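A short write-up of the structure that comes next.
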Amino acid sequence: MGIRTWLGVVLGAISIVLGSLTAHAQQQGGTLVMLVQPEPPSLASYLSTSGPIGLVAPKIYDGLLDYDKDLKAVPSLAESWTVSDDGLTVTFKLRKGVTWHDGKPFTSADVQHTIMNVLKKVHPRGPNSFKEVTAVDTPDDHTAIFRLANPAPYMMRSFGSYESPIVPKHLLEGQDPKSASIANKPVGTGPFKFVEWKKGQYIRLDKNENYWKEGLPYLDRIVGRFIPDASTRTAAMEKGEVHYGAYGAIPNVDVVRLRELDSIGVTTDGYAMINPVSLIEFNTTQPPFDNPAIRKAISLTLDRQFLIDNIWFGYGKPATSALSSSYAATGLYAPGMPNYPAKPDVEAAKKVLDDAGIKPDANGVRATAVLDLIPYGEDWRRAGEYMKQALGDIGIKLDLRYEDVPTWLKRVYADYDFRMNVNYFYQLPDPVLGVHRHYGTDQIRQGTHFVNSSRYSNPKLDALLSSGAKEPDAAKRSAMYKEIQEILANDMPVVNLHEMKFLTVFNSKLKGHDASGFGAYGSFDRTWFDK
């Protein structure tokens with residue numbers, strides 16, 4: 001097999017941009033008001049994959065690549081790229097004439113620093129995405145050569161601005177990325193420049209007049225508004241005071257009504273790249289959840305279809321494994337895993353608990369715990385209320401706790417001060433990128449968000465994860481991931497609940513917001529208003 005190149009993609013992308021410029025030249029300008037719910041803990045997308053950060057940061061930072069709605073890679077900061085025959089060298093030719101928002105030139109040194117000193121070290125998924133990268137060579141300012149210990153084809157799915165933002169070396173070199181000042185005053189190369197963050201109210205981004213895509217962005221400004229109350233968010237959307245809300249910003253119960261209005265559009269597009277799954281994480285190092293029996297009993301008890309029908313109004317699919325069924329197309333998903341019943345089985349759950357010696361007391365209580373709810377809106381509160389009621393049927397008494405985003409993130413991922421939490425993870429296009437971080441012993445990384453907070457550790461599983469990441473034979477890889485799913489279904493460090501189908505609600509005059517495969521996590525450089 002010869003060296004693979006994507007120069008045709010470059011020409012295609014140029015054609016798309018030129019066509020877009022011609023078609024929409026009269027619709028430039030204006031301010032897009034979008035819901036950012038809840039208020040993000042920071043804008044450091046190189047440190048955290050917290051959803052609200054993802055809504056804002058990709059408008060400021062670029063990645064080496066972007067991905068279209070068919071999930072095919074298209075050029076961004078990299079004009080073209082080649083992969084060697086042995087898969088051990090990936091060479092990116094970088095775009096010339098690109099500047100950071102502070103006027104400094106973008107070079108290959110920024111790429112090298114971002115990958116080796118930031119993403120590989122402090123990003124939640126970077127250590128897996130770039131695990132095989134041993135060095136990034138920079139023979140000139142516009143060439144970055146990735147040297148790999150082993151082939152890593154999955155890596156080519158991880159270069160988007162949401163997943164792997166390229167950050168400025170001159171503002172981070174010599175600093176701890178976790179405390180650098182650009183966390184809340186970001187400086188990128190993207191279509192919009194950070195202007196202001198008024199706490200509790202909004203984030204303002206203005207058009208980058210020196211953006212490297214000539215004629216873009218169309219919009220003059222993006223304002224991300226924080227509106228804590230769900231009914232107020234819905235009213236603001238209906239009145240046209242805000243134009244865009246994604247990832248449950250408008251509760252599904254309200255979407256059912258709003259989607260009938262001519263002024264409102266609703267879509268489920270824009271989420272295929274992230275593959276989201278809701279779940280319960282347990283602190284497996286402390287009682288009562290150090291016993292896998294109670295974790296399995298919880299999975300047996302919960303009615304996943306009830307959650308979908310009554311909390312998310314029919315949008316979603318019951319989880320049946322540690323891997324989403326979306327991986328079926330790649331041969332990695334294994335159906336029929338134990339402890340994922342099609343319907344809740346309370347009697348089976350009670351037997352599991354009885355057999356494990358977890359007996360009810362005089363009041364029928366077998367265990368007590370606090371369930372920490374991800375603070376992303378009313379749907380999660382309602383889900384918690386259902387879980388409290390359902391688990392009471394098997395003698396597990398829950399109290400619910402709902403805190404702001406920084407407090408919740410610190411409690412779960414920094415302090416490990418929790419027993420169980422309801423949450424969701426992006427499994428992404430390959431399990432190496434989105435799933436391994438949840439279960440590997442090497443992913444117990446205190447202070448890093450959305451990794452193995454359960455502190456689950458299984459040497460056999462670790463070996464399978466490592467082998468599965470590198471196995472080139474599809475049949476062998478499929479067998480490995482089936483065994484991985486069997487282990488996780490029996491150990492159950494995480495109970496997967498449902499494969500989520502998010503809704504995006506938008507003003508019908510808003511166009512081009514779905515140009516990227518990342519949807520709401522895209523750059524919005526081609527977004528415009530039909531006036």
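As the structure is a computational prediction, the values presented were derived from the model and not from experiment.
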- Query: Are K93 and T82 close enough, and set up right, to give a side chain to side chain contact (heavy atoms under 4.5 Å, CB included), and what steps lead you there?
  - Reply: CA-CA 9 Å; K93 291 297 182 181; T82 58; over 6 Å; no
Is there a side-chain contact between [X] and [Y], using heavy atoms and a 4.5 Å cut-off?
X: F524; Y: Y244; result: yes
X: E471; Y: M480; result: yes
X: V435; Y: L323; result: yes
X: F92; Y: V136; result: no
X: D303; Y: Y386; result: yes
X: S129; Y: E163; result: yes
X: S453; Y: F418; result: yes
X: L64; Y: L94; result: yes

- Please lay out, stage by stage, how W212 and D62 fare under the test side chain to side chain donor-acceptor pair (under 3.5 Å). CA-CA 11 Å; W212 52 268; D62 287 314; 2.9 Å; yes
Taking [X] first and then [Y], would you say they form a salt bridge - that is, a charged N and a carboxylate O separated by under 4.0 Å?
X: R366; Y: D354; value: yes
X: D110; Y: K169; value: no
X: D430; Y: R477; value: yes

Shortest non-hydrogen contact from [X] toward [Y]:
X: Y376; Y: Q37; value: C-NE2, 4.3 Å
X: G63; Y: S161; value: N-CB, 3.4 Å
X: N275; Y: S326; value: OD1-OG, 3.2 Å
X: T448; Y: V122; value: CG2-O, 4.1 Å
X: T301; Y: A390; value: CG2-O, 3.6 Å
X: R437; Y: P124; value: CB-O, 4.3 Å

Within this structure, what is the [atom1]-[atom2] distance for the pair [X] and [Y], rounded to the nearest 0.5 Å?
X: L371; Y: K388; atom1: CG; atom2: NZ; answer: 10.0 Å
X: M387; Y: L307; atom1: CE; atom2: CG; answer: 5.5 Å
X: L148; Y: K470; atom1: CG; atom2: NZ; answer: 12.0 Å
X: Y61; Y: T189; atom1: OH; atom2: OG1; answer: 9.5 Å
X: Y439; Y: L461; atom1: OH; atom2: CG; answer: 9.0 Å
X: K482; Y: L332; atom1: NZ; atom2: CG; answer: 13.5 Å

- Message: My understanding is that only residues two or more places apart in sequence, or in another chain, count here; which of them pass ring-ring contact (aromatic ring centres under 6.0 Å, His included) with F425?
- Response: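 F425 satisfies ring-ring contact (aromatic ring centres under 6.0 Å, His included) with H438, F450 once adjacent residues are dropped.
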- Excluding sequence neighbours, so at least two apart, what forms ring-ring contact (aromatic ring centres under 6.0 Å, His included) with Y247?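 Applying ring-ring contact (aromatic ring centres under 6.0 Å, His included) to Y247 gives Y271, F502, Y521.
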- Sidechain-backbone polar pair: R419 side chain, Q286 backbone, donor-acceptor under 3.5 Å: no
- So, does N291 use its side chain to make a donor-acceptor pair with the main chain of A293 at under 3.5 Å?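 It does hold such a pair.
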- Task: Determine, step by step, whether S321 and Q485 satisfy the side chain to side chain donor-acceptor pair (under 3.5 Å) criterion, reporting the C-alpha distance in whole Å, the side-chain angles of both residues, the deciding distance to 0.1 Å, and the verdict.
- Result: CA-CA 6 Å; S321 169; Q485 289 166 85; 2.7 Å; yes
- Do Y481 and Y327 have ring centres separated by under 6.0 Å?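 Not under 6.0 Å, so no.
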- Can the ring centroids of Y456 and F289 be said to lie less than 6.0 angstrom from one another? no
Which donor-acceptor pairs under 3.5 Å do side chains of residues 310-318 form with protein atoms, sequence neighbours excluded?
unit_1: N310; atom_1: ND2; unit_2: F306; atom_2: O; d: 3.0
unit_1: Y315; atom_1: OH; unit_2: R259; atom_2: NH1; d: 2.6
unit_1: K317; atom_1: NZ; unit_2: S325; atom_2: OG; d: 3.1

- Message: Test side chain to side chain donor-acceptor pair (under 3.5 Å) on H513 and T527; report intermediate values, then the result.
- Response: CA-CA 5 Å; H513 53 84; T527 300; over 6 Å; no
Side chain to side chain contact (heavy atoms under 4.5 Å, CB included) involving [X] - partner list, sequence neighbours excluded:
X: P429; result: R157, M273, L433
X: S299; result: R304, Y340, M492, V495
X: N490; result: P338, N339

- Item | K120, NZ atom: more than 12 neighbouring heavy atoms under 6.0 Å | yes
- Query: Does a side chain donor of either D66 or S516 reach within less than 3.5 Å of an acceptor in the other side chain?
  - Reply: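 Yes - a donor-acceptor pair under 3.5 Å links their side chains.
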- Under 30°, 30 to 60°, or over 60°: which ring-plane class applies to F518 and Y67, parallel, tilted or perpendicular?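 The rings of F518 and Y67 stand perpendicular, inter-plane angle above 60°.
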- Item | Residues Y162, T49; criterion side chain to side chain contact (heavy atoms under 4.5 Å, CB included); working and verdict | CA-CA 8 Å; Y162 163 67; T49 54; 3.7 Å; yes
- Do S454 and N452 pass the side chain to side chain donor-acceptor pair (under 3.5 Å) test, and can you show the C-alpha distance, the side-chain angles, and the key distance before you say yes or no? CA-CA 5 Å; S454 295; N452 186 356; 4.6 Å; no
